[in-house]
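Scroll down for the structure; my scribbles are underneath it.
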Amino acid sequence: MSVWNPENVTDVAESIGIASLNREVVEHLARDVEFRISEVLTEALKFMRHAKRTTLTTQDVSQALRLLEVEPLYGYESTRPLRFGEASIGPGQPLFYVEDEEADLEKLINAPLPKVPREISFTAHWLAVEGVQPSIPQNPIPTQQQVDMAARGPAGNSTLAALSGNDNPNTRPPVKHVLSKELQLYFDRVAPAIMDPSNEDYRNAAFASLKTDTGIHQLVPYFVQYVADKVTHNLKSIFTLTSSMQLLAALLENPSLYMAPYVPSIVPAILTCLIGKHLGPTSSSTSSQSTNNPDTHFALRDFTASLLAQLARRYAPTSTTLKPRIARACLSALLDKTKTFGTHYGALLGLTFIAGAAGVRSLILPNLGAYDAVLKAGLEDEGKKEGAEVVVQAIIRALGTLEDDAVMVNGEVEVNGHPEGDALREQLREVLGEVVGMRVFESGRQGLIKAVLEKDLVV
Amino acid sequence: MAQPLPPPSRTGSVGPPSAGGMGAPPASAPVGGGNNQQNLNQIVLEYLNKKGYSKTEAMLRKESLNVDAHGQPILTRIEDTGGKKWGQSFRLIKNWVEHSLEIYRPELVRLLWPLFVHAFIDCIIDCYTSDALAFFQDYKGDFEAEHSQELRQFEKITLPEHVQDNELAVLYRQKKYRVSLSPMAFAVLVEFLEARDNEGGRVILNLINAHIEIATLNRAATARGLQKLMEEKERSGRLGELGEDEGIQGHQPGSTNTDVNTIGTLTKLSLAPMPMEADLMEDVKADLSHEDSVHPPANGQSTLVDHLEQTIKQEPTDDAAPSRESIPFPPSTARDVAVEVQKVKENRDRFKIDGRTGGVGPGISATMFTFHNTFDSVNCIEFSGDNSLAAIGTAESYIRVWSLDNRPLLSPQDPPGFQPSSSRRLIGHSGPVYGLSFSPSAAVPEPTTNGHSGDSPAPDSQPRFMLSCSADNTIRLWSLDTWTNLVVYRSHQSPVWDVRFSPHGHYFLSCSTDRTARLWSTPQIAPLRIFAGHDSDVEAIAWHPNGAYVFTGSGVGDKTVRAWSVANGNQVRIFTGHTGNITAIACAPNGHIFASADDKGEIMLWDLRTGRRTKTLKGHQKGGIWSLDWSVESTVLVSGGADKTVRVWDVQPNKEHKVNGEVVNKIDGATVGGGAAANKSGKAKGPVVSPDQISCFATKKSPVYKVRFTQMNLVMAGGAYLEQA
């Protein structure tokens with residue numbers, strides 16, 4: 001009847017030399033033992049609860065014993081769950097014991113120290129944005145169970161439920177259902193108008209509306225999704241890409257929209273337009289209706305970079321990982337020699353805008369020497385010459401920010417103390433690589449030269 | 001535990017002590033003596049007849065009727081069945097209650113739990129262990145829903161001495177359990193018990209006399225009328241709910257008055273905000289008007305000064321404000337002015353959350369702070385009032401503080417060349433840290449001029465102190481300037497569960513396993529008030545926003561929430577109704593309503609003025625709701641718990657019920673029906689979600705330890721990621 005076996009009591013009694021115990025005494029004792037143990041457990045559960053845990057640990061039991069003024073049991077302080085072994089002392093009489101491994105002291109001492117456990121750290125994410133749980137990796141995928149957890153009552157917001165996908169899965173309405181008819185119409189008109197190259201008036205009107213309209217907050221996720229779709233599927237159409245970027249720019253410009261939660265979903269599309277490998281019609285398909293200037297993809301990248309800069313400036317304070325993430329993506333694109341000059345160009349622009357002069361100094365400058373080979377090869381290749389030239393210009397421009405920075409810091413530019421002539425040229429070539437080094441030298445901009453070399457001197 | 005038991009009340013009134021029933025087993029009669037006995041009787045009767053002792057003869061004839069042919073007494077009295085009598089009596093009353101008239105049933109059903117407990121305890125005390133255990137097993141299922149925790153405690157009692165060692169049993173023996181019945185139900189009950197006197201009615205009657213206090217009250221005249229009881233029954237799907245007027249702490253609902261006969265007179269509470277000090281008010285106004293001139297309000301906004309005056313005027317006049325004299329505070333400083341100014345600004349500028357409007361709950365934004373690599377060693381998480389710091393208390397006895405915006409945490413005591421990081425460890429406790437509290441603060445943005453941070457330094461508004469409490473029985477005060485321990489407060493006799501700074505600072509409240517909550521002021525190392533009265537651990541505490549009242553919540557056996565006055569230390573309200581351990585309490589900023597949560601997953605809302613429950617919110621799963629908080633407008637409640645969810649609740653009382661009962665009831669009926677159907681179709685799905693839940697946000701694997709509304713109505717939630725399972 002009782003959980004505690006009276007035989008155990010007999011065993012313990014025998015082990016301390018009490019040979020024969022009355023049957024009733026044994027039963028009485030067994031019951032008492034059971035009672036005391038559960039008293040301890042009740043206390044231990046309290047400690048578990050206040051540690052906000054759902055598993056009882058040995059520490060909880062120790063604390064409970066201390067509270068009951070009993071000496072705690074030592075030697076069971078273990079953060080791992082204890083492993084129980086089972087042995088049979090007779091038919092149907094299993095005996096459980098704690099498995100105790102024998103440790104070789106010699107080995108233990110000579111063994112390398114175990115790894116230091118990782119430090120406690122914290123991350124932050126949006127659990128809910130205006131009543132909707134965003135579907136980001138940090139949040140769980142809505143399951144049947146959670147659908148059940150959602151409220152069904154009058155207070156439950158069906159719109160919110162639908163947006164977060166928590167409404168009844170069997171009769172889930174199309175997502176548009178939650179938008180008002182006016183908003184749907186608005187979206188249906190504005191989105192195609194923007195993507196329509198034939199009617200400039202409509203486009204401008206649409207952009208103007210996006211920039212100023214105060215009531216389109218509900219549409220923001222749809223626009224973001226729309227842009228992401230367009231960008232993924234229309235990499236060959238410079239016009240579509242540019243329009244998409246302009247759309248985003250318009251949304252970001254709208255003072256009444258709160259875009260911070262959407263920044264993570266915007267960034268991939270922007271990066272695609274910035275450092276995409278082949279943007280616009282590929283050379284093989286030039287024969288098709290390519291009325292566009294093949295170099296407009298540089299213009300697109302220029303525009304995108306400025307958009308990115310705007311984004312970073314505005315949202316970096318709220319999202320600490322935004323800038324590093326973009327910078328990392330750009331840098332890896334720049335260092336990848338297999339990418340096209342278009343990509344490199346975009347990456348350079350991105351880095352310059354995101355990280356400013358400090359970024360140029362620490363991220364671009366050290367890599368120019370290695371990049372020289374790529375540039376040289378590009379300039380020699382007739383097909384790529386144009387691209388390479390643009391990249392060189394971009395590098396010079398990026399270095400230019402160093403100059404501005406130096407001017408701002410020092411107030412006036414001093415050129416004294418630097419080697420002249422050939423020595424200078426040699427030094428520049430060492431730092432910047434042959435192609436860029438020559439250009440810089442030939443430009444004769446003392447401020448620029450000094451700013452570039454300063455790093456070398458200071459560090 | 002040490003208190004003596006009251007004299008065994010049962011044996012005195014039942015008649016022959018049942019030890020007789022145990023000591024004289026019926027099988028021990030001499031075999032074959034039957035005939036002799038019969039003959040003997042005959043002889044004696046003849047003898048008496050001859051002598052003319054007619055009265056004696058009549059008595060003997062009467063008494064011998066109860067003896068069977070073998071001279072054994074025939075058992076007609078239930079008492080003589082020994083340990084079985086409690087089981088039989090309980091079955092009798094249970095059957096009767098279940099078949100009683102429907103209108104009395106919800107009331108009478110409430111009697112069963114205390115009867116069950118006392119029948120069991122009495123049975124144990126009389127040493128019928130096996131009978132008691134069988135009885136317990138037979139009927140415990142009926143009470144699983146409401147009393148699972150008590151059942152777990154009683155289950156282990158098997159010997160009379162355990163009754164004295166078990167806190168809960170002692171409590172039930174020492175105090176009378178109160179049940180309220182309407183006069184009619186009570187009359188029916190007594191009539192039945194007297195009629196069935198011999199079948200167990202007397203046993204039950206004795207139990208009621210000894211351990212239960214039946215308060216007769218006119219249902220029609222009370223809020224908890226029969227109509228309401230029936231509604232409750234329909235809603236909860238079970239017979240009767242734990243009433244507010246029922247239990248060990250039986251009392252007039254709301255008041256602390258435990259006398260049955262007096263009508264509960266409620267202590268008047270001063271629920272209005274604490275008035276601002278005159279000097280402080282002047283300074284704040286001056287600052288605000290300066291601010292108004294520098295940054296004129298945007299279109300449609302009132303000036304800050306106007307806004308302040310409006311908020312002061314808005315206060316309803318029917319609430320008295322606590323006087324500043326009764327709760328003295330140190331004189332205000334420049335820092336207080338800055339904090340107050342910021343409060344007014346935020347009050348004007350924030351995104352307001354309305355209650356349920358047009359049947360649709362408001363959308364809430366929440367940020368989740370997840371702590372990694374904790375190995376379940378985090379006991380509590382706390383955010384500072386200015387949203388700049390987060391602190392955790394660990395099972396390893398240390399406290400760790402992070403800057404949420406990644407700023408290095410500096411200290412003037414840092415040795416030169418020290419690289420300050422954005423996190424600090426505070427070491428000092430010698431036991432797991434269970435509670436943390438930052439001193440009040442407000443987020444004051446750095447004054448900016450033309451985009452540069454201005455020349456004048458921002459007024460110091462960061463929290464300067466933090467309190468922590470631990471299993472080592474101490475509370476410690478830490479300086480957040482030097483990151484060192486300043487004061488150790490010792491007075492509690494056992495582990496301290498929680499500590500809370502007063503909303504105005506200076507004072508703080510702690511609660512402990514020693515069944516008390518204590519009020520302290522930071523400069524003094526001895527407590528100013530000891531709030532004693534709970535019958536078990538004080539597990540959760542909270543402050544009233546005006547700092548004049550505190551709330552304490554208790555665990556198994558007590559399960560009450562009590563309100564105490566800080567000024568005189570008196571108990572001003574008791575709130576009963578929870579069925580689990582209280583795990584969190586939070587009072588709404590408007591000061592009129594507060595919420596308490598238990599580890600059964602229920603949240604209850606209480607009206608402070610009347611002392612009555614206004615709502616029960618269900619939806620959280622079992623395991624504890626660790627934290628509650630209110631939106632600044634007191635319109636929305638947010639909760640977080642062990643079921644790894646953050647839930648948002650509508651707190652408006654269901655007024656529509658009364659206004660146009662018919663129409664709304666239909667809707668309500670539909671939802672209730674839907675809920676019940678869902679519950680029937682799959683019981684494994686978990687508890688019913690009450691319709692007041694606005695939304696529920698699940699985390700991946702992080703139980704939510706802390707939820708907090710910022711002054712700008714953004715929810716901050718904190719939890720520790722659990723890797724396994």
Side-chain angles (χ1 to χ4, degrees), chain A residues 1-2 28 31-32 34-39 42-43 46-47 49-55 57 59 63 66-67 79 117-133 138-140 142-143 145-146 148-161 164 166 261 320, chain B residues 133 153 156-159 162 356 359-361 363-376 379-380 390 395 400 402 406 432 434 471 494-495 497 513 537 581 599 619 623-624 626 642 645-646 650 667 671 674-675 685 689-700 703 705 717:
Chain A
M1 176 164 45
S2 62
H28 196 99
R31 279 181 187 148
D32 203 51
E34 196 179 326
F35 174 74
R36 306 288 157 196
I37 288 177
S38 61
E39 286 281 278
T42 312
E43 292 298 323
K46 239 183 245 172
F47 283 93
R49 199 165 61 237
H50 281 277
K52 301 187 173 63
R53 268 184 274 110
T54 41
T55 42
T57 66
Q59 277 94 337
Q63 292 282 356
R66 224 169 266 149
L67 186 64
T79 45
R118 275 194 276 173
E119 261 224 309
I120 299 182
S121 62
F122 72 91
T123 55
H125 71 269
W126 286 103
L127 186 67
V129 179
E130 298 188 0
V132 183
Q133 189 159 27
Q138 289 92 331
N139 285 330
T143 60
Q145 196 195 0
Q146 278 152 23
D148 287 337
M149 285 193 294
R152 271 175 283 262
N157 189 331
S158 60
T159 314
L160 299 184
S164 51
N166 271 355
T320 46
Chain B
L133 294 183
Q153 291 237 7
K156 62 202 182 182
I157 298 176
T158 47
L159 297 172
H162 295 166
R356 192 170 65 192
V360 172
I364 303 289
S365 298
T367 350
M368 175 82 193
F369 292 86
T370 314
F371 289 81
H372 302 273
N373 310 322
T374 59
F375 302 102
D376 218 350
N379 287 353
C380 54
R400 197 154 172 200
W402 277 274
N406 238 342
Y434 289 116
S494 47
W497 290 137
T513 334
D537 296 26
N581 303 301
D599 61 356
W626 303 133
T645 58
V646 171
D650 172 38
I667 302 169
T671 51
K685 275 182 189 170
V689 180
S690 55
D692 302 306
Q693 179 179 311
I694 293 169
S695 26
C696 163
F697 309 116
T699 67
K700 253 184 176 167
Y705 292 173

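Note on naming: letters A, B, ... go to the chains in the order of the sequence lines (proteins, then strands), and numbering restarts at 1 for each one. The basis for the numbers below is simple: all heavy atoms, side chains too, and nothing from hydrogens, waters or symmetry mates.
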Review point. Between A/Thr42 and B/Lys156, does any side-chain donor sit less than 3.5 Å from a side-chain acceptor?
Key: yes
Check your understanding: Of the backbone (N, CA, C, O) and the side chain (C-beta and beyond), which part of A/Arg49 lies under 4.5 Å from a heavy atom of chain B, both, or neither?
Key ->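 Backbone plus side chain of A/Arg49, per the 4.5 Å heavy-atom cut-off to chain B.
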**Study point:** Heavy-atom contact with chain B under 4.5 Å, split by part of A/Ile120
**Key:** both
Heavy-atom pairs under 4.5 Å with chain B - which of [options] has more of them than the others?
options                      : value
A/His28, A/Glu43, A/His50    : A/His50
A/Val129, A/Asn139, A/Thr123 : A/Thr123
A/Arg53, A/Lys52, A/Arg118   : A/Lys52

Check your understanding: Where is the tightest heavy-atom contact between A/Leu127 and A/Gln133, given as atom of each residue plus distance?
Key -> O-CG, 3.1 Å
Check your understanding: Counting heavy-atom pairs under 4.5 Å to chain A, which of B/Thr158, B/Asn406, B/Val646, B/Thr513 comes out on top?
Key -> B/Thr158
Review point. In terms of heavy-atom pairs under 4.5 Å, which option from B/Tyr705, B/Phe697, B/Trp497, B/Trp402 contacts chain A the most?
Key: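 Top count of heavy-atom pairs under 4.5 Å with chain A: B/Trp497.
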Check your understanding: So do the side chains of A/Gln63 and B/Pro432 get within less than 4.5 Å of each other, counting heavy atoms only?
Key -> yes
**Study point:** Side-chain heavy atoms of A/Glu119 within contact of B/Arg400, under 4.5 Å
**Key:**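 Side-chain contact under 4.5 Å: yes.
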Review point. Which atoms of B/Ile157 come close to chain A, meaning under 4.5 Å heavy atom to heavy atom: side chain ones, backbone ones, both, or neither?
Key: both
Practice item. In plain terms, say whether A/Arg31 and A/Glu34 are close enough for a salt bridge, that is, a side-chain N and a carboxylate O under 4.0 Å apart. Key: no
**Study point:** Qualifying residues under ring pair (Phe, Tyr, Trp, His ring centres under 6.0 Å), relative to A/His125, sequence neighbours excluded
**Key:**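 A/His125: no ring pair (Phe, Tyr, Trp, His ring centres under 6.0 Å) contacts found.
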